[in-house]
Amino acid sequence: YIHARNDNRIFFYFQIYVLRDLHAMQAKAFARMGAQAGAHRAMTAAETASGQIRPDEEPAETGYVQPGLLETALADTLMRLGDTEPATVYAAEAVATQTHARGRVHRLATLADCELRAGEVDRAAGTAMQMLDTVQGMESHRLHDRLTLVRRKLSATRSTAAAEAVDRLDDTLRIPL
């Protein structure tokens, strides 16, 4: 009986995570199509599914699921819709969750992008500096691509803080993978 009950709990949590992730992907797809209402409906469904998750009750088998991924996906969706303020809030929430260093770099890159789109250039430069502090010693083509994108966007601005971040990004990007 205990084993069956545990299997049901595992299935329940996997089902929630799959639903949450599918709704988040659907929201991103709607945003890419410019369908704001559909994106917001899918975001609400993803958040509703996420609201059913109780971290203190989760079975060990769901330990691979990283906190903050939903917030990152919703930030990306909102950026695509041009809703920079709520996107920045979600991106900051994603950064605030505990994760491994590589995931933190990706989340900081998302936050920097949100801040740049919101016109917060100096804040984005500061976020890029945090990203650079975190990425030290990592080798990854995906991270290299994220750094390159942040560098390109920062270099298009006229800010002393951004120029400093770009210089540091250039130094980091010169190191071969």
Side-chain angles (χ1 to χ4, degrees), residues 12-32 34-60 62-136 138 140 142-143 145-147 149-151 153-154 157 161-162 165 169:
F12 172 76
Y13 274 96
F14 279 130
Q15 184 178 8
I16 290 173
Y17 279 120
V18 168
L19 278 172
R20 181 195 72 175
D21 292 347
L22 286 173
H23 287 303
M25 286 189 291
Q26 184 182 36
K28 286 171 87 169
F30 277 128
R32 285 186 182 119
Q36 186 170 3
H40 282 282
R41 274 193 309 275
M43 287 173 56
T44 299
E47 287 183 312
T48 299
S50 189
Q52 296 178 32
I53 297 168
R54 301 286 178 262
D56 55 323
E57 297 175 9
E58 285 183 73
T62 61
Y64 74 93
V65 179
Q66 297 175 28
L69 290 179
L70 176 63
E71 290 80 3
T72 302
L74 297 182
D76 183 52
T77 298
L78 289 164
M79 278 194 309
R80 289 178 187 278
L81 294 173
D83 295 336
T84 56
E85 189 175 324
T88 303
V89 170
Y90 276 114
E93 287 176 8
V95 168
T97 60
Q98 294 298 317
T99 188
H100 55 83
R102 189 176 305 256
R104 181 166 171 75
V105 172
H106 284 289
R107 292 168 189 192
L108 286 165
T110 299
L111 179 58
D113 190 24
C114 289
E115 291 166 342
L116 282 166
R117 290 184 191 209
E120 298 284 343
V121 176
D122 289 345
R123 183 173 284 159
T127 300
M129 293 294 213
Q130 289 178 44
M131 184 179 63
L132 288 164
D133 292 341
T134 307
V135 80
Q136 295 303 315
M138 292 183 202
S140 164
R142 283 189 65 214
L143 291 178
D145 292 346
R146 295 297 303 261
L147 294 175
L149 184 61
V150 170
R151 186 233 174 264
K153 290 180 178 184
L154 280 171
T157 67
L169 280 158

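Keep in mind that what you see is a predicted model, and the values were worked out from it rather than measured.
A 4.5 Å side-chain heavy-atom check between R104 and Q130 finds at least one atom pair inside the cut-off. Residues H106 and R142 have side chains in contact (heavy-atom distance under 4.5 Å, counting atoms from C-beta outward). Using a 4.5 Å heavy-atom threshold, the side chains of M131 and V150 count as touching. With contacts defined as side-chain heavy-atom distances shorter than 4.5 Å, the pair T48/T44 qualifies. The shortest side-chain heavy-atom distance between H40 and D83 falls under the 4.5 Å cut-off. You'll find the side chain of M43 reaches within 4.5 Å of the side chain of L78, heavy atoms only. The side-chain heavy atoms of T99 and R107, taken from C-beta on, include a pair separated by under 4.5 Å. Taking 4.5 Å as the limit, every side-chain heavy atom of V135 sits out of range of all side-chain heavy atoms of R146.
Of all non-hydrogen atoms in A165 and L154, the two that sit nearest each other are CB-CD1, 3.9 Å. Nearest heavy-atom pair, F30 versus A42, reported as atom, atom and distance to 0.1 Å: CD1-CB, 4.4 Å. In terms of heavy-atom proximity, A49 sits nearest to I16 at O-CG2, 3.1 Å. Taking all atoms of both residues into account, the shortest heavy-atom contact from T77 to A27 is CG2-O, 3.5 Å. A91 and C114 make their closest contact through CB-SG, 3.9 Å (heavy atoms, listed as atom of the first residue, atom of the second, distance). A46 approaches A24 most closely through the heavy-atom pair CB-N, 3.9 Å.
Around atom CD of Q136, more than 12 heavy atoms belonging to other residues, nucleotides or ligands sit under 6.0 Å away.
Remark: T127 OG1 to E115 CD distance equals 3.5 Å, nearest 0.5 Å. Taken from CE in M129 to OG1 in T134, the straight-line distance is 12.5 Å, to the nearest 0.5 Å. Between the OG1 atom in T110 and the CG atom in L149 there is a gap of 9.5 Å [rounded to 0.5 Å]. Note: L111 CG to E71 CD = 13.0 Å, rounded to the nearest 0.5 Å.
With sequence neighbours left out, D76 forms a side-chain contact (heavy atoms from CB on, under 4.5 Å) with K28, M79, R80.
With 3.5 Å as the limit, one finds no donor-acceptor pair spanning the side chains of T88 and R117.
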